[in-house]
Amino acid sequence: MSLPPTELQDAVAPPGPGVLLTRLTGLRREEFARDVWARSALLIRRASDFSDLFCADAVDELISRRGLRTPFLRVAKDGSTLPESAFTSSGGAGATIADQVDDTALWRAFADGATLVLQALHRTWGPVTDFCSGLAAELGHPVQANAYVTPPQNRGFDDHYDVHDVFVLQIAGTKRWIIHEPVHPDPLRDQPWSDRRAAVAEAARGEPHIDTVLAPGDVLYLPRGWLHAARARGEVSIHLTLGVHTWTRHALAEQLAQSALAALREDPWMRGTLPLGLDGPEAEIDGVRERLTAALAGADPAPLFHRARRAQARPAPLGPLAQLAAVRGLAPDTPVRLRPALAARLEGRRLTTRVGRLDFPEADLAPVARLLDGEVHTAGALGLRLAERLLRAGVLVPAER
């Protein structure tokens, strides 16, 4: 690559698979996987105009009109998180839930220098929902989104690292980011930065790997473990953070161990009680190790792994009224498609998805297999009875003609 390893200029999205990742990085999927993914921080200037995903008006809409509740919002000042009682109240008549966002209290906190953190935007803001779902499909790892709204000259959070990868998309204003290399590379989800607070503080005093100001349209990619701190400048800053909850080899090992242990439950010797007066367990340990090794060699972690992956994300949104209309108006020429982000797998006669499992007779297996291509099909080509069953199960959704 002729550009510096941590920065690309004027990213242009080439056509082909992985278009959302390319929009963020200017790289094709295979280039990003080979040169950047989980390896190094990457700064991309003028990657895209992200106003279609999020903007200042979206912040005001969510806070003032959507009846947000905690934990969909956090408020931080001087590096500390404020108690929820400082910015929530009852929603009033007909909505007397006590933890709804109080927009007046929130305005006062923001005017006093607090940062607003809109959490889980992939659940509350449609364009972000669609983008995160598509990006997760491209990466093969779950993606969630938060927005950080920082008043002028506010520093937000102290130097820290995340236990997931992040893409930072600058939406409005500017923000200075200071990035240092990891003190604990590739931390697992139960290894937060606070466990290494002293090492993080010491590293943050050293020479940064990146010290830059993000402007609207810029993107910063940080693998998990990379230290970062940010400060707004002379204007309000809004940035969107896409968190990629990466699957690890350790997670796969956990699934492998669970599969092996499940198999050992059927071994009478393993279920047996240890002898009385067991002073030296070496002989028992050797026997257990031998059986565990054999069980690991024969274990298939795939079912557990895929089940865990399905649980980490949600399928595409489903409108009940549109779904009912599709069922009632079903005709041979009705266009339908597999619901996006369903993580559907056909194994034998069983279809396993994020919304449940369905078993099929032999005659239905071929049309069900065709559905997995994600393309639009007609209900008549699938069979009206099968199409109705899949629509009612939330597996099929109506498609545009």
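The figures that follow rest on heavy atoms only: side chains count, while hydrogens, waters and symmetry mates do not. Residues: numbered from 1 along the sequence shown.
A 6.0 Å sphere centred on CZ of Arg392 holds no more than 12 heavy atoms belonging to other residues, nucleotides or ligands. No more than 12 heavy atoms of other residues, nucleotides or ligands sit less than 6.0 Å from atom CZ of Arg233. Around the CZ atom of Arg249, the shell of radius 6.0 Å holds no more than 12 heavy atoms that belong to other residues, nucleotides or ligands. Around atom CZ of Arg176, no more than 12 heavy atoms belonging to other residues, nucleotides or ligands sit under 6.0 Å away.
Closest approach of Pro151 and Ala114 over heavy atoms only: CD-O, 3.1 Å. Closest approach of Ala260 and Leu296 over heavy atoms only: CB-CD2, 3.6 Å. The heavy-atom pair separating His164 from Gly243 by the smallest distance is CD2-CA, 3.7 Å. What you find for His377 and Leu371 is that their closest heavy atoms are CD2-CD2, 4.0 Å. Contact detail for Gln170 and Trp177: the closest heavy-atom pair is OE1-NE1, 4.5 Å. Listed here is the closest heavy atom pair of Val75 and Ala109: CG1-CB, 4.4 Å.
Between the side chain of Tyr221 and the backbone N or O of Ala38, at least one donor-acceptor pair lies under 3.5 Å. Remark: side-chain polar atoms of Glu290 are not paired, donor with acceptor, to backbone N or O of Gly287 under 3.5 angstrom. A donor-acceptor distance shorter than 3.5 angstrom exists from the side chain of Thr293 to the backbone of Arg289, with no hydrogens or angles considered. Using a distance-only test at 3.5 Å, with no hydrogens or angles considered, no donor-acceptor pair links the side chain of Arg337 to the main chain of Leu396. A donor-acceptor pair is defined here as one N or O able to donate and one able to accept, closer than 3.5 Å; no such pair exists between the side chain of Gln144 and the backbone of Ala120. Proximity of a side-chain donor or acceptor of Ser133 to a complementary backbone N or O of Thr129 within less than 3.5 Å is not detected. Remark: side-chain polar atoms of Glu31 are paired, donor with acceptor, to backbone N or O of Arg28 under 3.5 angstrom. A donor-acceptor pair under 3.5 Å is absent between the side-chain atoms of Tyr148 and the main chain of Leu116, judged by distance alone.
With rounding to the nearest 0.5 Å, the separation of CG in Leu53 from SG in Cys132 is 8.5 Å. Atoms OG1 and CG, from Thr25 and Leu20 in turn, are 10.5 Å apart once rounded to the nearest 0.5 Å. Note: Leu222 CG to Thr241 OG1 = 9.0 Å, rounded to the nearest 0.5 Å. In this structure, Arg189 CZ and Arg224 CZ are separated by 8.5 Å, a value rounded to the nearest 0.5 Å. Note: Leu21 CG to Leu139 CG = 5.5 Å, rounded to the nearest 0.5 Å. Rounded to the nearest 0.5 angstrom, Leu390 CG and Leu351 CG are separated by 7.5 Å.
Remark: the Thr124 side chain and the Gln119 side chain contain no N/O donor-acceptor pair separated by less than 3.5 Å. Defined by atom type and a distance below 3.5 Å, a donor-acceptor pair is present between the side-chain atoms of Arg23 and Ser48.
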| field | CA sep, side-chain torsions, deciding dist, call: Arg291, Asp267, salt bridge (Lys or Arg N to Asp or Glu O under 4.0 Å) | value | CA-CA 9 Å; Arg291 282 169 165 78; Asp267 183 336; 3.1 Å; yes
| message | I'd like to know whether Asp359 forms a salt bridge (Lys or Arg N to Asp or Glu O under 4.0 Å) with Arg349, so could you lay out the CA-CA distance, the side-chain angles of the two residues, the decisive distance to 0.1 Å, and finally the verdict. | response | CA-CA 6 Å; Asp359 293 319; Arg349 294 189 175 188; over 6 Å; no
| query | For Lys77 and Thr115, what are the C-alpha separation, side-chain angles and deciding distance, and is it a side-chain hydrogen bond (donor to acceptor under 3.5 Å, both in side chains)? | reply | CA-CA 6 Å; Lys77 186 179 179 185; Thr115 291; over 6 Å; no
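When each of Arg370, Arg385, Arg389 is paired with Asp364, the salt bridge (Lys or Arg N to Asp or Glu O under 4.0 Å) condition holds for Arg385 and for no other.
A distance of 6.0 Å or more separates the ring centres of His180 and His209. Ring centroid separation for the pair His160 and Trp226 does not come in under the 6.0 Å cut-off.
For the pair Arg197 and Trp193, the cation-pi criterion (under 6.0 Å, within 45° of the ring axis) is fulfilled.
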